[in-house]
Amino acid sequence: KRVLEEAKKWEDSGYRVIPITKVIPDIIAIKDGKIIAVEVEYKHFRNPKKEKYTEDIRKYFDDVVWIIHKKYKFNDNT
């Protein structure tokens with residue numbers, strides 16, 4: 001709650017903010033003033049939890065993009 005209150009002050013001062021609270025995207029992509037939350041999932045491990053991006057979370061992003069790979073490829077160098 002304190003983080004969101006502080007974020008509101010910054011927004012009121014003209015900043016665009018992304019408070020880091022319960023939902024943290026795998027990637028935050030920024031281009032041409034647009035902020036995109038990117039989630040990378042491997043269907044082999046789990047289905048995406050799209051419901052975690054509630055309206056309260058989505059308002060900080062212009063869009064949320066899900067990249068879902070059919071299976072995980074292990075690196076041969078590991």
Kindly give the heavy-atom pair with the smallest separation between G33 and D62, and that separation in Å. O-OD2, 3.9 Å

Answer yes if V38 and I20 sit in the same cluster of Ile, Leu, Val, Met, Phe, Trp and Tyr residues linked by side chain heavy atoms under 4.5 Å apart, and no otherwise. no

Does I27 belong to the same Ile/Leu/Val/Met/Phe/Trp/Tyr cluster as I30, with side-chain heavy atoms less than 4.5 Å apart forming each link? no

Is it true that E39 and K50 have a side-chain N and a carboxylate O under 4.0 angstrom from each other? no

Nearest 0.5 Å, please: how far is NZ in K22 from CD1 in I57? 8.5 Å

Do I28 and I36 have side-chain heavy atoms sitting under 4.5 Å apart? no

Heavy-atom pair with the smallest gap, counting every atom of V40 and D26: N-OD2, 2.8 Å

Transitive ILVMFWY side-chain link V3 to V23, under 4.5 Å: no

Please determine whether salt bridge (Lys or Arg N to Asp or Glu O under 4.0 Å) holds for the pair R2 and E5, giving the CA-CA distance in whole Å, both sets of side-chain angles, and the decisive distance to 0.1 Å. CA-CA 5 Å; R2 290 180 287 166; E5 290 171 358; over 6 Å; no

Around atom NZ of K52, are there more than 12 heavy atoms of other residues, nucleotides or ligands at under 6.0 Å? yes

Kindly compute the distance separating CD (E6) from CD (E11), expressed to the nearest 0.5 Å. 11.5 Å

Nearest heavy-atom contact between R16 and Y60 is NH2-O, 3.8 Å

Can you confirm whether E51 is buried at CD, in the sense that more than 12 heavy atoms of other residues, nucleotides or ligands lie under 6.0 Å from that atom? yes

Path from V17 to I35 over hydrophobic side-chain contacts below 4.5 Å: yes

4.5 Å side-chain heavy-atom contact, P19 and L4: yes

Closest heavy-atom pair and its distance - W66, E41: CZ3-OE2, 3.9 Å

Point-to-point distance, once rounded to the nearest 0.5 Å, from CD1 of I18 to CH2 of W10: 14.0 Å

